[in-house]
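This one's a predicted model, so the numbers in the text were calculated from it and none came from an experiment.
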Amino acid sequence: MQRHMLLLLLLCVPSAYVNSQSPSLSQRQACKQFSSAVVRIDAGGESSGSGFIVSPDGLILTASHVVRHMDEDGSYFAVILIHLPTGESVLAKPVMPLSLDSVAQDFALLRVETKTALPFLTLGSVGDVEIGGDATIIGYPFSAVSREGKSISTKFCVSASFAATGSETIPMNGKNRTAKGVVPIQKNVQVDVVYFQGPSVKGISGSPIIARDTGKVVGIVTTKLSGIGNSLEELKAQTAKGLGSGISLSGLDPGPVINSILTVMDDQLANGMGSATGIDDPKEAMRKEQNKKKK
């Protein structure tokens with residue numbers, strides 16, 4: 001009897017150990033598993049970017065600056081075209097109005113009509129981020145150019161790593177239409193941010209940043225961080241205008257020379273460093289949209 005009990009325990013221990021582990025996906029596995037849910041977006045004939053499907057019935061998340069005018073009005077483009085992985089191009093409609101919150105957090109939720117279930121990504125949150133952990137970013141780096149100088153519009157799947165998480169307070173100004181007319185409004189918006197080491201170029205905005213240990217999207221790629229501070233940025237601008245002109249340095253004007261050095265420094269410091277807004281709020285927006293459909 002004791003022998004059987006011991007055998008049972010020995011058999012159970014490895015099984016429990018295996019089930020408690022959830023190994024990270026490799027970059028190759030992540031690319032294969034998630035790429036089909038990432039879409040290209042062309043908006044208003046002025047903007048191109050990336051987005052990703054978050055429900056089988058056609059909800060799509062992207063960065064709001066990809067699909068809205070960047071002027072004072074800041075409204076959605078009238079035409080937002082989604083290029084699905086199937087090769088089909090369809091028009092998308094915004095699910096929710098733009099607000100000071102969504103603009104500060106830089107997200108937009110869109111919908112496309114579909115007759116078939118679409119591949120989609122699962123949403124996580126900033127709380128799922130493990131600093132130093134591996135991430136996968138999938139999108140279209142439209143600012144990248146080929147050796148011939150042509151824009152590259154191929155979907156890229158690239159590796160990144162989580163550098164830090166944080167929170168930013170962004171002051172927002174807007175307008176509110178009331179019965180008495182248009183009233184200016186101000187609001188400080190708290191934004192969760194994931195900082196990552198990896199590519200962050202124009203066009204890849206709106207891409208999902210996926211934690212490879214959970215397979216969940218933890219943020220939407222929004223911007224590239226600048227490595228140079230405000231004071232250095234001013235110095236860079238001054239030197240570009242020839243600051244120090246009249247002093248010879250091996251026949252070179254120190255102003256442009258210093259500016260070139262600062263530019264290289266800036267590029268090196270900012271190389272591959274980006275940020276991604278948290279997606280807790282869009283998750284809530286999705287719930288509201290689904291509840292509307294049920295009513």
As a quick check of understanding, evaluate side-chain contact (heavy atoms from CB on, under 4.5 Å) for Phe34 and Val217, giving each step before the final call. CA-CA 10 Å; Phe34 303 130; Val217 180; over 6 Å; no
Let's go through Leu121 and Ile210 carefully: what are the C-alpha distance in whole Å and the side-chain angles of both, what is the deciding distance for side-chain contact (heavy atoms from CB on, under 4.5 Å) to 0.1 Å, and is it a yes or a no? CA-CA 9 Å; Leu121 301 182; Ile210 304 164; 4.1 Å; yes
Just do the salt bridge (Lys or Arg N to Asp or Glu O under 4.0 Å) check on Lys283 and Asp281 with the steps written out, would you? CA-CA 5 Å; Lys283 203 171 182 179; Asp281 279 7; over 6 Å; no
Walk me through it: do Ser205 and His65 pass the test side-chain hydrogen bond (donor to acceptor under 3.5 Å, both in side chains)? CA-CA 8 Å; Ser205 291; His65 75 262; 3.2 Å; yes
Before you tell me yes or no, could you show the steps for Arg212 and Ser159 under side-chain contact (heavy atoms from CB on, under 4.5 Å), namely the whole-Å CA-CA distance, both residues' side-chain angles and the distance that decides it to 0.1 Å? CA-CA 10 Å; Arg212 294 219 301 264; Ser159 181; 3.5 Å; yes
Dump the intermediate steps for side-chain contact (heavy atoms from CB on, under 4.5 Å) on Ser64 and Phe107, then the final yes or no. CA-CA 4 Å; Ser64 71; Phe107 75 84; 5.8 Å; no
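The structure places CG of Asp213 at 7.5 Å from CZ of Phe162, a figure rounded to the nearest 0.5 Å. Atom-to-atom distance recorded for Ile41:CD1 and Ile82:CD1 is 4.0 Å, nearest 0.5 angstrom. Atoms CG and OG1, from Asp128 and Thr214 in turn, are 5.0 Å apart once rounded to the nearest 0.5 Å. Atom CG of residue Leu61 and atom OG of residue Ser207 lie 12.0 Å apart, to the nearest 0.5 angstrom. Within the model, atoms CD1 of Ile60 and OG of Ser55 stand 8.5 Å from one another, a figure rounded to the nearest 0.5 Å. Note that CD1 of Ile204 is 8.5 Å distant from CZ of Phe156, once rounded to the nearest 0.5 Å.
At most 12 heavy atoms of other shown residues, nucleotides or ligands fall within 6.0 angstrom of atom CD in Glu113. In the displayed structure, Glu289 atom CD is contacted under 6.0 Å by more than 12 heavy atoms of other residues, nucleotides or ligands.
Between Cys157 and Ile138, the closest side-chain pair of non-hydrogen atoms falls below 4.5 Å. Using a 4.5 Å heavy-atom threshold, the side chains of Gln186 and Met172 count as separate. Taking the side chain as every heavy atom from C-beta outward, Leu59 and Leu109 approach each other to under 4.5 Å. Under the 4.5 Å side-chain criterion, counting only non-hydrogen atoms from C-beta, Asp57 is not in contact with Phe120. The shortest side-chain heavy-atom distance between Asp192 and Asp280 falls under the 4.5 Å cut-off. For the pair Lys93 and Arg111, the minimum side-chain heavy-atom distance is 4.5 Å or more. For the pair Val95 and Leu110, the minimum side-chain heavy-atom distance is 4.5 Å or more. Side-chain contact check for Tyr140 versus His83: every heavy-atom pair is 4.5 Å or farther apart.
When the side chains of ILVMFWY residues are joined at heavy-atom separations under 4.5 Å, either directly or via intervening members, Met96 and Leu123 end up in a single hydrophobic cluster. Under a hydrophobic-cluster definition in which Ile, Leu, Val, Met, Phe, Trp and Tyr are linked whenever side-chain heavy atoms come within less than 4.5 Å, directly or via other members, Val54 and Val90 are assigned to different clusters. Put simply, Leu84 and Leu91 are part of two different groups of oily side chains (I, L, V, M, F, W, Y) that touch within less than 4.5 Å, one to the next. In this structure, Val112 is not a member of the same hydrophobic cluster as Ile220, with clusters built from ILVMFWY side-chain heavy atoms closer than 4.5 Å. Residues Tyr195 and Val191 fall within the same hydrophobic cluster, defined by Ile, Leu, Val, Met, Phe, Trp and Tyr side chains chained together at heavy-atom separations under 4.5 Å.
Side-chain N or O atoms of Ser102 include none that pairs as donor or acceptor with a backbone N or O of Leu98 at under 3.5 Å. Side chain of Arg40 to main chain of Pro85: no donor-acceptor pair is present (N/O by atom type, distance under 3.5 Å, no hydrogens or angles). Listed for the Asp106 side chain is no donor-acceptor partner under 3.5 Å among the backbone atoms of Val103. The closest donor-acceptor contact from the side chain of Thr277 to the backbone of Gln105 lies under 3.5 Å. Judged purely by atom type and a 3.5 angstrom limit, Asp134 has no side-chain atom pairing as donor or acceptor with the backbone of Ser26. For Lys155 (side chain) and Ser35 (main-chain N/O), a donor-acceptor pair under 3.5 Å exists by modelled atom type.
The two residues Gly278 and Pro282 have their closest heavy-atom pair at O-CD, 4.4 Å. Pairing each heavy atom of Ile279 with each of Gly124, the nearest pair is CG1-O, 3.6 Å. Contact between Thr165 and Ile131 at its shortest, heavy atoms only, is N-CD1, 3.8 Å. Closest approach of Phe77 to Ser47, counting heavy atoms only: CE1-CB, 3.9 Å. Scanning all heavy atoms of the two residues, the minimum distance from Val66 to Ala43 falls at O-CB, 3.6 Å. In terms of heavy-atom proximity, Ile137 sits nearest to Ala160 at CD1-CB, 3.9 Å.
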